[in-house]
Structure formats: structure tokens, C-alpha cells
Number of protein chains: 2
Amino acid sequence: MPKQRAPRPTLAQVARAAGVSVGLASMCLTGAPGPAERTREHVREVARRLGYRPNKAASVLARHEVRRIGVVFSLRQAFHAQVIEALYQATASRGYELLLSAVTDDRAPQEAAEHLIDSRCQAIILVSTHPDDIDVSAAIDTVPIVIVGSNRSSAAISSVSVDGWAGVRQAMLYLQSAGHTRIAFADAPEASGTVDRRLGYESAMQAAGTNAHSTIVHGGETFQSGIQAAKRLQLLAQLPTAVVAHNDECAAGIIFGLKIRGLQVPEHVSVVGFDDSGFAWQSGLRMTTLHQDVAQIAALAVDEATRRIESAAGGVRPAEILVSPSLRIRDSSAPCSAKRLTA
Amino acid sequence: MPKQRAPRPTLAQVARAAGVSVGLASMCLTGAPGPAERTREHVREVARRLGYRPNKAASVLARHEVRRIGVVFSLRQAFHAQVIEALYQATASRGYELLLSAVTDDRAPQEAAEHLIDSRCQAIILVSTHPDDIDVSAAIDTVPIVIVGSNRSSAAISSVSVDGWAGVRQAMLYLQSAGHTRIAFADAPEASGTVDRRLGYESAMQAAGTNAHSTIVHGGETFQSGIQAAKRLQLLAQLPTAVVAHNDECAAGIIFGLKIRGLQVPEHVSVVGFDDSGFAWQSGLRMTTLHQDVAQIAALAVDEATRRIESAAGGVRPAEILVSPSLRIRDSSAPCSAKRLTA
DNA sequence: CACCCACGTACCAAGTGATGT
DNA sequence: CACATCACTTGGTACGTGGGT
């Protein structure tokens, strides 16, 4: 037998039940200074008894400072999910509230951002790997925007992104000092971050001297595309002794693709991923990869957002923040041994 | 040089600029009947020119009917993401707005649900695979609750879930008519939905007669655990000729686990997944699996939510809705051939 | 006469229906 | 009758004022 759904009690009702004025009740519940401790406790007790919950819409409307940040993200990417989790943490610890708005096939970034603006978010964080997600032009002169995962900041947009160049250089340095010379790179031209990573690869190959030649294959950013990349690697004139991949999904695909074709990792080929997303451990392989500190990235993004919010006049220029990933050496890489195949 | 951030124009400002009253301006913009077409167009034009966007907080507060549904979900599960995408679609087409609230390590379902209630959502959809997520007792007598993905409805909670029993029966019927007799099931005791699926398996095995014996191994719900399940399958006295897995992640793990151990799918073993989530195609293998129509599930969940919202008095009893999955036969299964291994 | 505490009330930005003209 | 206006509503917040020791 379904109960009659009780209409939510309002602050006025709580106040009446407690025998105080609405204004005083508000102060008691929000923790504002003023009320006597006895009164405060009494009002709180009454509110609890009545099951009172403040109406957010009314509160946002009345309050001057809303302390609310919105985030636009895609539901398809595991890395985004990690960032969102970290953003919840980062905003909460700074006394901000986080509002989510997802991008889907029939819900453009534009629309997602508008929802957040209409909800009076004071800043928008855009979690993105694809550069064209930045088509939120309408929002630009309304609230500060911080992009996470892409370094295309502009005169109006801040960015927090990983230093792909330095990351890949780090991986290359490690592989080279482990004796590898035939190192390939699996890129993902469809993702914006890949350019810096490839440049890091190429610069490291150049630094290694003339007998090292760059080999770039299409890797893509999914497990599936990684599997296909493994095929391409095997079809090369010479099988590389090591591969650096655009991200973990791709690296995992390469590893499984090679295994299926009878090649062992790391015995025959070393594979290094990028992100240290779930895939680096979820897939059962302890993968060598470049670790991104998601908590740190989220914290920097929120800090940048609040910085620009608090300089209300708009006198602060957007920042471009780079975070260096750190190499986590695990089981998908090893020194270059004599056991190498030559075709 | 960052521009001065312009304060958002209010309806009052639009009205003044258009030379009409606030009330009339409101009617023009919301599409309420009354205003002359000429006036309406004029006000709309002025609003556009000023970049007016309605304040959601004020709108929600003033409006009697909010038409807003909230969803609590976990960021860790790919299937949840698919459901959310479908929910956006389903709510939008019914003139409702969807609010997201994620569960994380330090954000309990309870807290996530409270955020939605405080935002005056009229119903809450809980996307969940784990039964203990249903600890939102405080919310129960405030708004209708619909659980997606678990069949534990109650006197106060509706549910929409897939019919695991019927689904697995369907897969079994297909495998058995393809000549398979040694069929194993990989379960996931940690997930709530697994029980029905296993019962479907056992009933199908019983129906097949005495010479068929049930073989249940721990499969888990992740790719990693699936890989380990492959090992367990190989250690059995007799390798099964077919395996039905709790979900796609697990099935994919089993397939790759078998491949790594030199066994081919479907030549040596047929594998059937469950969900038809991204993994069924993303991993590069066209997997035979039980397809869940996410759009349909989302639509049913929203319909149930609106049904209970609209019976404002609470006189409607919660429903328990079952959706049958449909078998998608693809490349990970085949008729039982003579080529089988016997140990 | 301070001082503390509580009160009343004017907002916030929109929506709604009765009341004009 | 068609169209526009006004006064009031929504739930809370913030601040100026006043009543009591």
C-alpha cells in the first residue's frame, strides 16, 4: 500500500514548528553567526524531525555567491570518468558543488554547456580529448572555461593537460637505455593530444643518432584499433623491439594482438602505454605506462577555475598548465635481449 | 586582454528593452498562449540580441511543474554510461530534464540521491548492478524511485531489469540445438543479476537430460577476471565445448584467455556473452551475446517514473518490469564439430 | 548603555491568473 | 474580444531594526 507522498516541508514550516522566524531558522541551519547555540540546536532538531531539506533552487536564487562549477564530459571514455571522480573530490574540498552535463550523440557540447550556464555555474570545466569539442563559443564570454586534456588554451580559455612530449621522451629514454633501438610509435591522429607525444618520440629517435629510424603506425585510441595495429607492426620489414602507444587502450590492444599472433610481451616486444587508466591493470596485465595523476589534474583544474571566478572583474588572464606524467615500469617492458626476431 | 565578464541579462531587462511588461515577456518566451504573434517575435528577437538565457533556479522555483528526473549512477561501469545516454534521449523526448549525480568512493548513493532531491527532481532512477546501492531509504518517501538493472523492487520501489533467466535459456537452446552438450557457465556472485542467469543455465542443463552435467566456474564481471576464468576452464577434467558468461567483459576475457593458451574461439570453444555492451564489438571480436536494448530499457524506466510522478497522490503501486534480451549470433560461437579436444 | 538575539522584510528571477483597456 | 499589465507566488538569504536583559 503506497504511502501518500508528503509534500516537502519548507523553511517557513520548520520555523513555525520551532516557534521562530524564518530568517532566524535560516541562520540556524546554514551555520551563519548570530543565533544562540540553544536556539540553533533546537531549530536543527525540529528540521530533522520534519525531514526538512533546503530547496536548492531557492537557495541558489537568493544567495549571492553560488559556489558551483560545471563539467562537460563524454560518457564513452574511461579516462573522463576518472577525472570526474577526482573533480568531485577537488570541488568538495574547496567548498564548491559539481554539476555534471554529458555530451552524447544528440547532445552537443554546446547544449551541455548551456545547461550548466543556465544553472548558474560560475565556471565550466571541459574534459575533452577532441579539439572540436571546444565549440562552446557562446559560453566563453559568460563564464570562465577550463579545458582538461587538451592544450589548446586561448585568450579566453585555460587548459590543464599532460605534457605528452616530456612523457614520451621519458619512456623513450628508458627504452633506449635498456638497449632498444628499433622503437615504433603508435599514434592516434583522431585525438588532439597525440601530436606532442609523437613529437617527443621523433625527437628522441633523432637524438639516438642516424642508425635509428622513426617508425610510426596508426594505433588509434581503442583496444580494437590496437589489435589492428599489432597486425601492422608484424607486417613491417623488421619487427620493432619496442612500441610506445598513444594510450593504454591502444597498448593493451597491441599486447593482445601480438599474443594472438604468437609473439610474447615483453620477451619479443616491449610495449609502453600512456595514461595509466584502468586498462593498465584492469586487463590483467601489469602494463608499463605513463601515469597521469588524475587527482592532481583535477585539483589544478579546479584551482584555475576558482582563481578565475574569484577575480570577478575578469582581469585575470587564462593559464595554460602542463602536468608531467611519470613512468611506471611494470611487466610489459624489458631490456632488449638477444632473443629478438629479425623478420 | 580578457573581456569584462558581462552580468547575465534578466527577463526584466529584456522586457524593458522590448518595451513590454515582464509578464508578457515571460509568455512570449515560454510559448504560453496569449501574446500576439507580432509581439512574441519582437520579444524573442530582443532576447536573442541581448543573449538572454532564463535563470533555471528562478524558473524551477516559480514553476509548479518542474518536469525533472534525476539519475544516480556509477562512473566505473560502461553499461551505466550507455544507459545514461539512452536516458537523456528518453527524458528529452518526453519533455523532461535529466539531472546526473554520480556515485564515487567518497560519495555514497545516499548523498548522490539527496543532491537530486534537493534539486527538486520529481523521480529518481537508480542505475545499479549491486543490490546494496539501494540504501536510499531517506529518499523513498519523498519521490518515486525506479531501479534499472536489478529486480529488487519493493512496496515502494519500481524496477526495470533484464530477464536473465530467459536470456540464458535462449542462449542455451541455441547452443544445444547446435550440438553442444558440455556447456559451462561463468558466473559473477558479486553482481546481483547473476542468480537468474545461473538458474536459467541450470534449468536448461536439466532439460537436456542426464548425460549433461552442470559446470559452473567463477567468471566475474571484468575482462581481467574473465582471463582467469579461461584458466579455470582449461583445468577442468574435460574442456567444455561452449561457455555462457555472466557478461561481455567476462566473455571477452575468456576469449582472449583461451586464445593466449592456444585455443581458438569458436573452433575449440564457443563463447556467449551477455549485455551486448561496447565490449562485444569494441574489442575487435564480433561476439555472440545477449543483446539488451538500452534505449528500450531507458524508455521503460522513464515511463515508469513519469507514471508514478503523474499519479501525484501516490495511489499507483510500483511496477516490476522485465525486459527480454535477444540473442545476437556473431563470430564467437559455432556448431559443435568433431574437432573438439577431449582434455 | 551596550550587548546579544531574534524579528521582519526587502530582495532574487521567473511564472501565473485576475484585472484592466 | 484580443492583448497587455499588475500583483502575487515560489523558498531562501541577508541585513537593518528593535525588544529584552
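Every chain is numbered from 1, with letters handed out A, B, ... down the list of sequences.
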Next on the checklist: I want to confirm an ordering. Mapping B:Arg120 and B:Glu37 to their closest nucleotides on DNA chain D, which one lands closer to the 5' end?
Outcome noted: B:Glu37
Checklist entry - Is there a donor-acceptor contact under 3.5 Å linking the side chains of B:Arg68 and B:Thr91? => result no
Checklist entry - With a 4.0 Å cut-off on heavy atoms, is A:Gly23 in touch with a base, just the backbone sugar-phosphate, or nothing at all? => result base
Next on the checklist: Strictly below 4.0 Å, N to O, side chains only: are B:Lys56 and B:Glu97 in salt-bridge contact?
Outcome noted: yes
Checklist outcome for this item: With five pairs defining each end axis, the helix from C:dA2-D:dT21 to C:dT21-D:dA2 comes out bent, to 10°, by 60°
Item to check | Distance test, side-chain N/O of B:Ser26 to OP1/OP2 of C:dA14, below 4.0 Å | outcome: no
Checklist entry - Starting at CG of A:Leu11 and ending at P of C:dC12, how long is that distance when rounded to a whole Å? => result 20 Å
Next on the checklist: Within residues 50-58 of chain A, which residues have any heavy atom lying less than 4.0 Å from an atom of DNA chain D?
Outcome noted: A:Tyr52, A:Arg53, A:Pro54, A:Asn55, A:Ala58
Checklist entry - Would a 4.5 Å heavy-atom cut-off, applied to side chains only, mark A:Thr10 and A:Asn55 as touching? => result no
Checklist outcome for this item: Checking D:dT13, D:dA4, C:dG15 against the side chain of A:Ala62 (C-beta onward), the nearest is D:dT13
Checklist entry - Roughly, in whole Å, what's the span from CZ in A:Arg67 to P in D:dG12? => result 21 Å
Checklist outcome for this item: To the nearest angstrom, the CZ-C1' distance between A:Arg8 and D:dG12 comes to 15 Å
Next on the checklist: Without decimals, in angstroms, what is the distance between A:Arg68 CZ and C:dC12 P?
Outcome noted: 19 Å
Item to check | side-chain contact (heavy atoms from CB on, under 4.5 Å) assessment of B:His42 paired with B:Cys28 | outcome: CA-CA 9 Å; B:His42 173 233; B:Cys28 292; over 6 Å; no
Checklist entry - How is B:Val20 classified with respect to the nucleic acid when contacts are heavy atoms under 4.0 Å: base, sugar-phosphate, or nothing? => result sugar-phosphate
Checklist entry - Run the side-chain contact (heavy atoms from CB on, under 4.5 Å) check on B:Gln122 and B:Val143 step by step: do they pass? => result CA-CA 6 Å; B:Gln122 297 164 281; B:Val143 295; 5.8 Å; no
Checklist entry - About how many Å separate CD of B:Glu304 and CD of B:Glu320, when rounded to the nearest 0.5 Å? => result 10.5 Å
Next on the checklist: Using the rule given for side-chain contact (heavy atoms from CB on, under 4.5 Å), can you reason through A:Ile69 versus A:Ile124, listing the C-alpha separation, both sets of side-chain angles and the distance that settles it, and then say yes or no?
Outcome noted: CA-CA 6 Å; A:Ile69 291 176; A:Ile124 290 184; over 6 Å; no
Item to check | Reference residue A:Val146; test side chain to side chain contact (heavy atoms under 4.5 Å, CB included); the match among A:Leu126, A:Val160, A:Ile157, A:Val127 | outcome: A:Val160
Next on the checklist: From the set D:dA4, C:dG15, D:dT13, return the single nucleotide nearest to any side-chain atom of B:Ser59.
Outcome noted: C:dG15
Checklist outcome for this item: Between B:Arg63 and B:Gly19, the residue closer to the 5' end of DNA chain D by nearest nucleotide is B:Gly19
Checklist entry - Taking atom CD1 of B:Ile309 and atom SG of B:Cys121, what is their separation to the nearest 0.5 Å? => result 9.0 Å
Next on the checklist: Is the phosphate of D:dA4 approached by B:Ser21 (side-chain N or O, under 4.0 Å from OP1 or OP2)?
Outcome noted: no
Next on the checklist: Measure CG/A:Leu61 against C1'/D:dG12 and give the value in whole Å, please.
Outcome noted: 8 Å
Next on the checklist: Whole angstroms only, please: what is the NE2-C1' distance between A:His64 and C:dA10?
Outcome noted: 13 Å
Checklist entry - Considering only side-chain heavy atoms of B:Thr39, which listed nucleotide, C:dA14, D:dA4, D:dA14, is closest? => result D:dA4
Checklist entry - Rounded to whole angstroms, how far apart are CZ on A:Arg16 and P on C:dG8? => result 13 Å
Checklist entry - D:dT13 P sits how many Å from A:Leu29 CG, rounded? => result 8 Å
Next on the checklist: Starting the side chain at C-beta, find the nucleotide from C:dA13, C:dG17, C:dA6 nearest to B:Met27.
Outcome noted: C:dG17
Checklist entry - What do the steps show when you test B:Asp303 against B:Arg307 for side-chain contact (heavy atoms from CB on, under 4.5 Å), and what is the final call? => result CA-CA 6 Å; B:Asp303 282 340; B:Arg307 188 181 69 92; over 6 Å; no
